[in-house]
Amino acid sequence: MPRRWISQFIVLGIWLAAAALIGLAFGAVAAWLAGALGLYLIYSLRNLYLLDQVLEGGKRVPVFETRGLWAETFARVARLKAKTRNRKKKYNRLLREVRESTGALSDGGIILNSAHEIIWFNPAATRLLGLDPARDIGNRIDNLLRHPDFVRYVAAPTGEPVVVPSPEDEGDWLAVQLIPYGQKQHLAIVRDVTRERRLETARRDFVANASHELRSPLTVIAGYLDSLAEDEGLPASWTRPIAEMQRQAERMTQILRDLIELTRLDAAERRAPQRFVDVPAMLGLIVEEFRRRSAQPRLGLHLDTEAGLLGSESELHSVFHNLISNAMRFTPPTGTIEVHWRPENGGTVFDVIDTGIGIPEEQIPRITERFYRVDPGRSRASGGTGLGLAIVKHALQRHAATLEISSREGEGSRFSCHFPAARVAARANPAKAAG
Amino acid sequence: MEIEDLGHHISRRFNEDLEHVRSSVLAMGGLVEEQFDRAIQALAEANSELGLRVAEDDVKVNRMEVSIDEECSRILATRGPTASDLRLVVAVIKTITDLERIGDEAEKIGVLAARLASVERPSTNYRELRNLARHVKQMVRGALNAFARLDAAAALEVFKADDTVDEEYESIYRQGITFMMEDAGAISRIMDTTWVARSLERIGDHAKNIAEYVIFMVHGKDLRYTGLENIEAEVQQASRRREVHP
């Protein structure tokens, strides 16, 4: 037992013993003991009252005893209060520093609770999003930043930021990212990306303009080459060079056409329109066309479903045409190519499986890059623009589809396009296609 | 009614239902705002594909109206809201109608933009229309922000802004008539631009309606058709009252 309690009991014992002795002298022990206990009770209640006052309003403690149970209790309470006061001061200082430093940030920072309600935000967020410090605490962030892309993003945040037009400044763009932490809270970071987007747009415009400008001179050259090729008075030694020039001009035209297509896909909205496309019929026509061009390698078509897709007819045609064309190009005449259109998990899959020369494993992640060649010598000789797979990738993204590539060198490759259920449609149903 | 008032319900689910329907309306507002922006962009950039896309996407707006309407009916039937909650649900039902109409006007602008994309543009590139569009966009945004914040004073500003929009429309209309008299060949194009201006003016009216519903929600008074001075007086009186008795 602590010393202060022992000393208290000792003092109490002496007090009662003294009262008993005096009582004995007066012949009324019980009365004197009762009186002594009563006085002790009053003494204890008074101290309790003082303690209550101290805890209530922070009154300073009158130090009337330097030792004993009550003195020590009061001292401990005083120490506790001092500690709390200091801690509060420290936290306030820390809070002030955080507030000042986040106030200096040029990016917006917003703290959201688990219901996506705004808890706090810095001045940059006020500026970028037009938030009102007096009124917007407690309001859901997607009530104030209402762009459909952002509303969708808040419901299902990915690791990447979402880019939306600025609600405050016309023509500006903001990148917003929701970072989870703690108990389902989020930190929203808002960045002004207008400049980056303008650079992107400038780059795209440059590529598009350059491609268009190059087309006309090329058409002129190709035209003259065609008339030269048909000219009967042409010396025989020129026949082969002219034919080669025609082939190269044709290749340049194709590259320009692909570049323009790619630029268009880049600049277009992220989602393709929702028009019904009869995929089985389209595949039938494409396969027919390739079979007519050359009987080998053998091209097989397997339609396991009658379903079509909701999307852009021309883009889907590019996807199927490019993938089959690649397979034809990189498979020897003795090989086979199997094209599948089959259902899977509510969606559908388009497969092109060939027994061609395959792709080295370490290069598979890079082959959808523009102008990337697995083996420059080999593929340039067999034709192709180097842009086909980039176009396929972009077009599939616009249809919310994924591209899966597997391959083994010397054995063959498999390209699979997985279309989500939302884009699959049964036979053309006008109401369904519109809704 | 303040934002905090929405939280005082014995049933947490009821509270969540109301919050959810509020958020749904504002999400619909965001979609409509985007449709409007894209329609004006299609006009300014002569982008017929974008204009037609806006027209196609109007079904999404209609779908949202139907689903929020169902949500409100469910709340009315199962929760039997009263007082400020009832005002909220009623205001929501009215607001989604006006939002759906704004969506329809944006669809019309999209179609007109697609048509105008293929004809020769005036040297000003429809500057007056774009100006009018900017003012109307601010009205729509102001009305929706006022709804989000239950801010009657901001709603009042939107209400007042409609007069300017109406005047601008009048001036575009009269200017169009003058041009048509000067150049008969441009009549078709000027008719189309007048229809665009008309749609913009109508959108302004719908935004004004939404502002009125916000004032109704906040102050519990139906101030429609009572005139600007009366509404202004009521709103200012109410905020003064609130300052005295917070």
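In what follows, chains are A, B, ... by sequence order, proteins preceding strands, each numbered from 1.
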List the residues meeting salt bridge (charged side-chain N to carboxylate O under 4.0 Å, His left out) with A:Asp132, not counting sequence neighbours, and say none if there are none.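 Partners of A:Asp132 by the salt bridge (charged side-chain N to carboxylate O under 4.0 Å, His left out) criterion come out as none, since no residue qualifies.
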
Go through the atoms of [X] and report whether side chain, backbone, both or neither lie under 4.5 Å from a heavy atom of chain A.
X	result
B:Arg141	both
B:Lys60	side chain
B:Leu144	both
B:Asp57	neither

Looking only at heavy atoms, what is the nearest atom pair of B:Ile93 and B:Ile96, with distance?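 Where B:Ile93 meets B:Ile96 most closely, the heavy atoms are O-CG1, 3.1 Å.
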
What closest approach, in Å, do A:Ser318 and A:Ile391 show between heavy atoms, and which atom pair accounts for it?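 Scanning both residues, the minimum pair turns out to be CB-CG2, 4.3 Å.
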
Taking atom CZ as the centre, does A:Arg398 end up with more than 12 heavy-atom neighbours from other residues, nucleotides or ligands that are less than 6.0 angstrom away?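 Atom CZ in A:Arg398 is packed in, count exceeds 12.
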
Tell me if the CD atom of A:Glu313 is crowded by more than 12 foreign heavy atoms within 6.0 Å. no

Given heavy-atom pairs under 4.5 angstrom as the criterion, report whether the side chain, backbone, both or neither of A:Asn143 touches chain B.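 Contact with chain B is through both the backbone and side chain of A:Asn143.
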
Where does A:Pro165 contact chain B at under 4.5 Å (heavy atoms): side chain, backbone, both or neither?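 Neither part, no heavy atoms under 4.5 Å.
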
Answer with yes or no whether the side chains of A:Asn139 and B:Arg22 bring together a donor and an acceptor at under 3.5 Å.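 Distance-only check passes for B:Arg22 and A:Asn139.
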
Just to be sure I understand the criterion: a residue of residues 118-125 of chain A counts if one of its heavy atoms is under 4.5 Å from a heavy atom of chain B. Which ones qualify?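 The residues closer than 4.5 Å to chain B amount to none at all.
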
For A:His212, which residues count as a side-chain hydrogen bond (donor to acceptor under 3.5 Å, both in side chains) partner, sequence neighbours excluded?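 Applying side-chain hydrogen bond (donor to acceptor under 3.5 Å, both in side chains) to A:His212 gives none.
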
Please report, to 0.1 Å, the donor-acceptor pairs under 3.5 Å made by any side chain of residues 173-187 of chain A, with sequence neighbours excluded.
from: A:Gln177; atom 1: NE2; to: A:Gly159; atom 2: O; distance (Å): 2.7
from: A:Gln185; atom 1: OE1; to: A:Gln183; atom 2: N; distance (Å): 3.3

Between A:Glu315 and A:Arg264, does any NZ, NE, NH1 or NH2 come within less than 4.0 Å of an OD or OE carboxylate oxygen?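 Looking at A:Glu315 together with A:Arg264, the answer is yes, because their closest N to O distance falls below 4.0 Å.
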
